[in-house]
Amino acid sequence: MIKYDHTQIEPAWQARWLAQQTPVTEEGDRDRKYYCLVMFPYPSGRIHMGHVRNYTIGDVIARSQRLRGRHVLHPMGWDAFGLPAENAAIEQGVHPASWTMHNISYMKQQLQRLGISYDWKREITTCRPDYYHWNQWFFLKMYERDLAYRKRSSLNWCPKCLTVLANEQVIDGACWRCDSAVTQKELEQWFLRITAYAEELLAGCDRLTGWPERVLTMQRNWIGKSEGAEVKFPLQDRSGTITIFTTRPDTLYGATFMSLAPEHPLVERLIQGKPEAAAVRAFVQEAGRLDRTARLTGNFEKAGVFTGTHAINPLTGQPIPIWVANFVLMDYGTGAIMAVPAHDQRDFEFAKKYGIPVRLVVQNGDRSLRAETMPDAYPEEAGWMVDSGPFTGLSQAEGKAKIIGHLAEHTLGKRTVNYRLRDWGISRQRYWGTPIPILYCDACGVVPVPEEQLPVLLPRDVPFTGKGGSPLAESAEFVQTTCPRCGGKARRETDTMDTFFDSSWYFLRYTAPRETDRPFRREAADYWMPVDQYIGGIEHAVLHLLYSRFFTKVIRDLGLTSADEPFTNLLTQGMVIKDGAKMSKSKGNVVDPNVLIERYGADTARLFSLFAAPPEKDLEWDDQAVEGASRFLHRVWRLVIDHAGQVVRASGAVSPPDSDQASPRAQTLRRATHQTIHKVTADLDRHFQFNTAIAALMEFYNLIAQWQAPVSGNSGDGVKAAGGAKATDGDATALAEALRTLLVLLSPFAPHLTEELWQRLGHRGSIFAEHWPEAEPRWLKDELVTIILQINGKLRSQLQVPPELDELEIETRALADPKLQPWIEGKTIRKRIYVPGRLLNLVV
RNA sequence: GCGAGAGUGGCGGAACGGCAGACGCGCCAGCCUUAGGAGCUGGUUCCCGCAAGGGAAUGGGGGUUCAAGUCCCUCCUCUCGCACCA
């Protein structure tokens, strides 16, 4: 017998597939198109087990959809700009471009060794000018539409990466990449106005029915919409007003003080010449020292200081003191709040601490609240308005609506919506990224680089010192240029773009990756978009996935495509963990895919990573379970090889025998065959349950192995019975059908093994040119069904009956069942529940 | 605090409200082998029992139902996300 040797089979097929690949086009029925995309990798050096899992999932989906007749786009590329390359340059003196390209070629070869069926002709690499050209072009389009703008503000700064971070890139106060504590830094930088799309991004979440609920929740939280009102509080001396944002305008009568953020621009004006001035300045300075980490953990004492100034509550007309409080955030709402101690816990505690009155304006249902004795605030949005002038007596909800109306009518305020989402700061003070296509001219100011001068090339000769500051600023040749407007001297912007810019539209570039005069071709994008199935890690729940949705909407509004969401269905696969922790160099629990592939082969690596856990769950690495996957493939190999001769001979027969001609043995096999088709197909359709699909294939294997065992003995070619029943031609064709079906169903999971065995069954064409088999309904029914017999809901016996037997006959047989006798003897049957083909429950 | 998800054998995990534990790993016994970290066969939730069989069991408690891992209520634990967001 020929042994299963993956080291022979796998490289051979990989080479052939690559050579024989026919690329997909936009021709043909769009209903049959299927865009399967996995998040492209950063070329860090070598692939890890997380990649293996990710790309295997994508490949199984792509291959199975192709077998089912879909027109599948399954591309791959490289998210190639980024810090590790630049750090390598600083530490090892190798240029980021060389480092990156070297990694790409190595990782590409690794992916090919996994047998992933990518269309490599569409490969894209974001650090190449043919790609980042269009980053710059999109930036200019956004600049034209005021969706890209420059402003000075306080930004998240990673002291290790020496660059700015977007809010989305700060995780628990630390850098998303290197985990260093993030500080604040005042800088002038470029922003994308993602907030202009806040409402649409939020509303779109409701229509993304193919996304996991938790990702949508994270996006909704991140956008953080809150509805309320802006209210103007006049200063007591009539020198101006302070605008606040509140979600509870109904509690306006209970506002007994105001608080400003320490950074609020009005603070200095309010305290001018006041005896409190020195104390307030000291307080503001102290609050400014509070770092982001402390603020995030809420680990500081709430405190405030009186400014010496009062404002007028616009509804009561009463003067209320203005405080500065360290917990009021400048970058949310207006940086100023009205404080209602009776109905906000923070205000309540603050009022108690500083002896400010508590005024109750919303009563609970049983009217038991008393301002003097409340132990806590009553923050519920329920109950009745009290002590609220003309609004007294209304329900809380009604009061809220009426007060907003009243404010608007008297121009004291208006209904507004606030979002937590901030504009996306994209400037990075690093080298290895897309240059921002902007010039600064002494005469003309900020000047966008004209489209026809794109791309602004990233210069190669830049010193990598690691001392901080934008490296591009060191290249005089790059910086100094002429102004396209006045012809005078100008200097270039030396910051580069956040690499999340690159990945925010790459899925569109794949649809027409070789376009040279536009980012993509509209017809191609309209054909392929949106992505039917997107697969990647949960860690991008808000970062990449939110940015991509934003870009898609901007690109739509630029009139370039009709897609308004990029990804119809999203699968977020779990991490690969070992010994309970994510694999990482520092923990020393890394399994190298190369070692796995060398020892067991790509098919085993693929099968294991799909079988050991459902795709969304974390996958615990288990060396022994890998052995199990390998064992299964060896068994399939032996089974098919042992019967190859028989199958080739049987292929003369046109089709396997139908029910009336088939021997009982053939019937058993045909039933199992079609039931397996049904089960595997359903598991793939229904949430990609690869683990149960593979389990079904294992069961099918077990059955075939059992089925042929008594007949074939160990002769290796067992049409002739050793001593049992004589095998018929029908049996042989049924076996041929079973083995072919097993291979086709297994082929998306273990492509090399199945392709090789397919050839050994005498086929000339590729197994991937086959059609996915269809289950024939008449074989899905069992010859006999098992009826569960229950007494009072407890299993007491079972009955094997033909499926067409009616209820009455089943009951007659049940009552005669000796096992049931002890339970029904001397009892009356009160009720019978019969579930056809399943069970009979007798209540006695 | 708010939100989402999860809790089932020794382990990974299966179960349209209808046989709990499919499939695999591990373990036990046997076969085959000069040998086995190969292969094959059988067994493997727990308790009582020689067995036939019986009982218990899906984080705890309660409920709906002829029937609950699954639906409802409640509590506990864990994971993830958001968080002085006014």
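Worth knowing before you read on, the calculation uses all heavy atoms, side chains too, and leaves out hydrogens, waters and symmetry mates. Lettering follows sequence order; numbering is per chain, from 1.
A salt bridge is defined here as a Lys NZ or Arg NE, NH1 or NH2 lying under 4.0 Å from an Asp or Glu carboxylate O, and A:D344 with A:R346 meets this definition. Salt bridge annotation for A:E227-A:K400: absent, with no cationic side-chain nitrogen under 4.0 angstrom from a carboxylate oxygen. A salt bridge is absent between A:E620 and A:K578; no separation between the charged side-chain nitrogens and carboxylate oxygens falls under 4.0 Å. Residues A:E616 and A:R214 are not paired through a salt bridge, judged by the lack of any N-O separation under 4.0 Å between the basic side chain and the carboxylate.
Taking atom P in both B:rG13 and B:rG7, the straight-line distance is 10 Å, to the nearest Å. Comparing B:rG81 with B:rC72, their C1' atoms are spaced 27 Å from each other, to the whole Å. Only the P atoms considered, B:rG61 is 14 Å distant from B:rA56, to the nearest whole Å. A gap of 12 Å separates the C1' atoms of B:rA67 and B:rC19, to the nearest Å. Distance noted for atom P between B:rA68 and B:rU64: 11 Å (whole Å). Taking the P atoms as reference points, B:rG54 lies 36 Å from B:rC73, given to the whole Å. As rounded to the nearest Å, B:rG10 and B:rC46 have C1' atoms that lie 13 Å from one another. Taking the P atom of each, B:rC71 and B:rU58 are spaced 15 Å apart, rounded to whole Å.
The backbone N or O of A:A287 sits nowhere less than 3.5 Å from a side-chain atom of A:N326 that would complete a donor-acceptor pair. Side-chain N or O atoms of A:K302 include none that pairs as donor or acceptor with a backbone N or O of A:A325 at under 3.5 Å. Listed for the A:T256 side chain is a donor-acceptor partner under 3.5 Å among the backbone atoms of A:P357.
Considering only residues two or more places apart in sequence or on other chains, A:D683 meets the side-chain contact (heavy atoms from CB on, under 4.5 Å) condition with A:K679, A:R686, A:Q689, A:T692, A:A693. Residues passing the ring pair (Phe, Tyr, Trp, His ring centres under 6.0 Å) test with A:H634, sequence neighbours excluded: A:Y4. A search for salt bridge (charged side-chain N to carboxylate O under 4.0 Å, His left out) contacts involving A:E811 returns A:R832, not counting sequence neighbours. Every residue meeting the ring pair (Phe, Tyr, Trp, His ring centres under 6.0 Å) condition with A:H540, not counting sequence neighbours, appears here in chain and number order: A:H544. Residues satisfying the ring pair (Phe, Tyr, Trp, His ring centres under 6.0 Å) criterion with A:W222, sequence neighbours excluded, are absent altogether. Partners of A:F350 according to the ring pair (Phe, Tyr, Trp, His ring centres under 6.0 Å) rule, which considers only residues two or more places apart in sequence or in another chain, are A:F257, A:W323, A:F327, A:Y354. With sequence neighbours excluded, no residue satisfies side-chain contact (heavy atoms from CB on, under 4.5 Å) with A:N702.
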What does the list of N/O pairs under 3.5 Å between the protein and nucleotides 14-16 of chain B look like, with a distance for each?
{"residue": "B:rA14", "atom": "OP1", "partner": "A:N691", "partner atom": "ND2", "Å": "3.1"}
{"residue": "B:rA15", "atom": "OP1", "partner": "A:Q689", "partner atom": "OE1", "Å": "3.4"}
{"residue": "B:rC16", "atom": "N4", "partner": "A:R838", "partner atom": "NE", "Å": "2.8"}

Shorter than 3.5 Å, N or O on both sides, protein versus nucleotides 54-59 of chain B: list them out with atom names.
{"residue": "B:rG55", "atom": "OP1", "partner": "A:R796", "partner atom": "NH2", "Å": "3.4"}
{"residue": "B:rG55", "atom": "OP2", "partner": "A:R796", "partner atom": "NH1", "Å": "3.0"}

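Nearest-nucleotide mapping onto RNA chain B: of A:I538 and A:A336, the residue sitting toward the 5' end is A:I538. Comparing A:S226 and A:F611 by the nucleotide of RNA chain B that holds the closest heavy atom to each, the one mapping nearer the 5' end is A:F611.
Atom CG of A:L746 is separated from atom C1' of B:rC23 by 14 Å (rounded to the nearest Å). Between A:Y419 atom OH and B:rA86 atom C1' there is a gap of 17 Å when expressed in whole angstrom units. If you measure from atom CG of A:N326 to atom P of B:rA86, you get 18 Å, rounded to the nearest angstrom. As rounded to whole Å, 11 Å separates atom C1' of B:rC66 from atom CG of A:L840. One can place CE of A:M330 at 16 Å from C1' of B:rC84, the figure rounded to the nearest angstrom.
Between the base of B:rC84 and the side chain of A:K302 there is a donor-acceptor pair shorter than 3.5 Å.
Nucleotide B:rC11: paired with B:rG24 (Watson-Crick or G-U wobble, both distances less than 3.5 Å). When both pairing distances are held under 3.5 Å, B:rC40 makes a Watson-Crick or G-U pair with B:rG30. A 3.5 Å limit on both hydrogen-bonding distances identifies no Watson-Crick or G-U partner for B:rU58. The partner of B:rC80 is B:rG3, by the rule that a Watson-Crick or G-U pair needs both atom distances under 3.5 Å. When both distances must be under 3.5 Å, the Watson-Crick or G-U wobble mate of B:rG17 does not exist. When Watson-Crick and G-U wobble pairs are counted only if both distances are under 3.5 Å, B:rG69 pairs with no nucleotide at all. Judged by Watson-Crick or G-U wobble contacts below 3.5 Å, the nucleotide B:rA51 has no partner.
Annotation: side chain of A:Q345 is in contact with side chain of A:D376 (closest heavy-atom distance under 4.5 Å).
Contact annotation for A:D618: backbone-only contact, meaning every heavy-atom pair under 4.0 Å involves sugar-phosphate atoms and none involves a base. A:N418 comes within 4.0 angstrom of no nucleic acid atom, judged by non-hydrogen atoms across all strands. A:Q790 comes within contact range of at least one nucleobase, with a heavy-atom separation under 4.0 Å.
Checking B:rA67, B:rA86, B:rA22 against every side-chain atom of A:E699, the shortest atom distance belongs to B:rA22. Distances were taken from every side-chain heavy atom of A:R420 (C-beta onward) to each of B:rC66, B:rA86, B:rA83; the shortest belongs to B:rA83. Distance from the side chain of A:M698 is smallest for B:rG24 among the nucleotides B:rA86, B:rG24, B:rG18.
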Return a single string for nucleotides 25-45 of chain B, one symbol per nucleotide in 5' to 3' order, where B is base contact, S is sugar-phosphate-only contact and - is none, cutoff 4.0 angstrom on heavy atoms. SS----------B-SSS----
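For RNA chain B, the neighbouring residues in residues 213-221 of chain A, judged by any heavy atom under 4.0 Å, are A:R214, A:T217, A:M218, A:N221.
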Going through the distances and angles, do A:T195 and A:D423 end up as a side-chain hydrogen bond (donor to acceptor under 3.5 Å, both in side chains)? CA-CA 6 Å; A:T195 53; A:D423 279 340; 2.6 Å; yes
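Screening residues 249-259 of chain A for salt bridge (charged side-chain N to carboxylate O under 4.0 Å, His left out), with sequence neighbours left out, gives A:R248-A:D250.
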